[in-house]
Amino acid sequence: MSQSGDLSGQPVVEGASTLATRAAELWPQAVTPGALHVVSTPIGHLADITLRALAVLRGAAAICCEDTRHARPLLDRYGIGTATLALHEHNEASMIPRVLERLRAGEGIALISDAGTPLVSDPGARLVDAAISAGIRVVPIPGASATLAALVACGLTPHPFTVLGFPERKGKERENSLAMAVRSPHAVVLFESPNRLVDTLRDLAAIAGQARPVAVARELTKHFEEIRRGTLEDVAAYYEAVPPRGEIVIVLSGATAAEPTEDGLRATADALRAEGFRPRDIVRTLMDEHGASRNLAYRLAHDT
């Protein structure tokens, strides 16, 4: 997920510009020749970069950037002079063949997004797919992720989880994407812009109920970082009164499965029996699909 804070405004750290050089000296083979390196970069705080990432960015033949202007503060801070190439959704078709040609020639190329881990609601997937199809090695360089930062601090059960990214903005597509989020039995991560946050929380509440737990993480790792936890109704009301700013990650709690009732299970067993299911098949269906205990499923399956 792209994060667009004022990175250039962070305090200058003495010696930061030498870290990339030192990292490259420690790991002189950080860059694999002829490989595409998918490099995670900070989502806000410039210290959140790994030494391996610095070594790769310094040693690569070129860095493919979502926005070369946005990448410049990070590269300048660490004294990285590697050439940059703009690669985004509007020029991918023309740029990908050129990048593949360089990779085939044995150059090690890095790919970064504006911030965080590339491809997660960011451009780059088409280049990675093209590289794999061409038999080119893709090397992940892990690091900062807005998704994981929000999950570990949200106060909700973080695993398993599903990342749905930005919900659709309107129409049936939006209804379907929000309904998918609400139906999930585990945590769902959504991204949203500040001006649509309240509407999205209200729309989720209309489907899931106002009491569904949620956490909204805003400006993660930056000076004004905030994590607001509560129900959909409470958090929506807060941001309605205090309009949000910055990059936003929503973590919605998973749906709680309703406990099966004996009357409901009996009705299901009767329906299965009427369809010709054998008792052992009814037992298995009641247990696997409806959460019935073995003893209750056996009794209902044989209760004629």
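The figures that follow rest on heavy atoms only: side chains count, while hydrogens, waters and symmetry mates do not. Note that the numbering runs from 1 along the sequence shown for the chain.
For the atom pair CZ (Arg58) and CG (Leu54), the distance works out to 10.5 Å, reported to the nearest 0.5 Å. Distance check: Arg229 CZ to Cys154 SG gives 7.5 Å after rounding to the nearest 0.5 Å. Note that CD of Glu92 is 10.5 Å distant from SG of Cys64, once rounded to the nearest 0.5 Å. To the nearest 0.5 angstrom, His290 atom NE2 is 4.5 Å from Thr268 atom OG1. A distance of 5.0 Å separates CZ of Phe161 from CG of Leu151, quoted to the nearest 0.5 Å. In this structure, Arg245 CZ and Phe224 CZ are separated by 8.0 Å, a value rounded to the nearest 0.5 Å.
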Pair Glu175-Lys172, salt bridge (charged side-chain N to carboxylate O under 4.0 Å, His left out): steps then yes or no: CA-CA 5 Å; Glu175 293 178 15; Lys172 195 66 176 178; 3.5 Å; yes
side-chain contact (heavy atoms from CB on, under 4.5 Å) assessment of Glu247 paired with Leu220: CA-CA 8 Å; Glu247 302 288 341; Leu220 286 167; over 6 Å; no
side-chain contact (heavy atoms from CB on, under 4.5 Å) evaluation trace for Ile63 with Leu75: CA-CA 10 Å; Ile63 302 171; Leu75 301 179; 4.0 Å; yes
Working for side-chain contact (heavy atoms from CB on, under 4.5 Å), residues Val198 and Tyr238: CA-CA 9 Å; Val198 172; Tyr238 172 80; over 6 Å; no
Leu204 vs Leu252, side-chain contact (heavy atoms from CB on, under 4.5 Å): CA-CA, chis, key distance, verdict: CA-CA 9 Å; Leu204 288 169; Leu252 181 68; 4.2 Å; yes
Intermediate values then yes/no, salt bridge (charged side-chain N to carboxylate O under 4.0 Å, His left out), Asp288 and Arg284: CA-CA 6 Å; Asp288 292 349; Arg284 180 57 56 193; 3.5 Å; yes
Salt bridge (charged side-chain N to carboxylate O under 4.0 Å, His left out) between Arg278 and Asp281, intermediate numbers included: CA-CA 5 Å; Arg278 293 175 295 181; Asp281 295 326; 3.4 Å; yes
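A distance-only check finds a donor-acceptor pair linking the side chain of His88 to the backbone of His90 [under 3.5 Å]. Side-chain N or O atoms of His37 include one that pairs as donor or acceptor with a backbone N or O of Ile109 at under 3.5 Å. The closest donor-acceptor contact from the side chain of Ser113 to the backbone of Ala115 lies under 3.5 Å. Under a 3.5 Å cut-off, the side chain of Thr32 and the backbone N or O of Ala35 do not form any donor-acceptor pair. Put simply, the side chain of Thr50 never gets that close to the backbone of Gly143: no donor and acceptor are under 3.5 Å apart. Proximity of a side-chain donor or acceptor of Arg183 to a complementary backbone N or O of Gly254 within less than 3.5 Å is not detected. In this structure a side-chain-to-backbone donor-acceptor pair under 3.5 Å is present from Thr82 to Leu57. Under the 3.5 Å distance criterion, the side-chain polar atoms of Thr221 are matched with a main-chain donor or acceptor of His45. Between the side chain of Ser184 and the main chain of Met180, no donor-acceptor pair closer than 3.5 Å is present. Between the side chain of Tyr78 and the main chain of Ile49, no donor-acceptor pair closer than 3.5 Å is present.
Within a 6.0 Å sphere centred on CD of Glu262, other residues, nucleotides and ligands contribute more than 12 heavy atoms. Counting heavy atoms of neighbouring residues, nucleotides and ligands inside a 6.0 Å radius, atom CD of Gln29 does not exceed 12 of them. No more than 12 heavy atoms of other residues, nucleotides or ligands shown are found within 6.0 angstrom of CZ on Arg137.
The closest side-chain donor-acceptor pair between Ser293 and Asn295, if any, does not fall under 3.5 angstrom. For the residue pair His186 / Thr162, a side-chain donor-acceptor distance below 3.5 Å is found, with atom types taken as modelled. Of the N and O atoms on the side chains of Thr84 and Thr68, not one donor lies less than 3.5 Å from an acceptor on the other residue.
The shortest heavy-atom contact between Gly246 and Pro194 is O-CG, 3.0 Å. Looking at every heavy atom in both residues, Ala131 comes nearest to Val138 through CB-CG2, 4.1 Å. Contact record, Ala150 with Ala217: CB-CB, 4.0 Å, taken as the closest heavy-atom pair.
Transitive grouping of hydrophobic side chains (ILVMFWY, heavy atoms separated by less than 4.5 Å) brings Val242 and Val235 into a common cluster. Val39 is not connected to Leu100 by any chain of hydrophobic side-chain contacts under 4.5 Å among Ile, Leu, Val, Met, Phe, Trp and Tyr, and they are in different clusters. Cluster annotation: Phe277 and Tyr298 are assigned to distinct hydrophobic clusters (Ile/Leu/Val/Met/Phe/Trp/Tyr, side-chain heavy-atom contacts under 4.5 Å, transitive). Hydrophobic cluster membership differs between Ile112 and Met95, with clusters built from Ile, Leu, Val, Met, Phe, Trp and Tyr side chains linked at under 4.5 angstrom. Cluster membership check: Leu87 does not share its hydrophobic cluster with Ile141, using side-chain heavy-atom separations under 4.5 Å among Ile, Leu, Val, Met, Phe, Trp and Tyr.
Counting only heavy atoms from C-beta outward, the side chains of Val139 and Leu36 never approach each other to under 4.5 Å. Counting only heavy atoms from C-beta outward, the side chains of Val216 and Val249 never approach each other to under 4.5 Å. Considering only heavy atoms from C-beta on, Val128 comes within 4.5 Å of Leu111 through its side chain. Between Phe166 and Leu190 there is no side-chain heavy-atom pair separated by less than 4.5 Å. Counting only heavy atoms from C-beta outward, the side chains of Trp27 and Leu51 approach each other to under 4.5 Å. With contacts defined as side-chain heavy-atom distances shorter than 4.5 Å, the pair Val182/Arg212 qualifies. Looking at heavy atoms from C-beta onward, Leu74 lies out of side-chain contact with Ile80 at the 4.5 angstrom threshold. In this structure, the side chains of Ser94 and Asn91 come closer than 4.5 Å at one or more pairs of heavy atoms.
Remark: Glu240 engages Arg202 in a salt bridge (Lys or Arg N to Asp or Glu O under 4.0 Å) (not counting sequence neighbours).
Residue Arg218 is tested with Glu192, Glu225, Glu226 for a salt bridge (Lys or Arg N to Asp or Glu O under 4.0 Å); the sole match is Glu226.
Under a 4.0 Å N-O distance rule, the pair Arg72/Asp76 qualifies as a salt bridge. The residues Asp203 and Arg174 are annotated as salt-bridged, a charged nitrogen and a carboxylate oxygen being separated by less than 4.0 angstrom. By the 4.0 Å N-to-carboxylate-O rule, Asp129 lies too far from Arg126 to be salt-bridged with it. Salt-bridge formation is not detected for the pair Asp199/Arg196: no Lys NZ or Arg NE/NH1/NH2 atom is positioned less than 4.0 Å from an Asp or Glu carboxylate oxygen.
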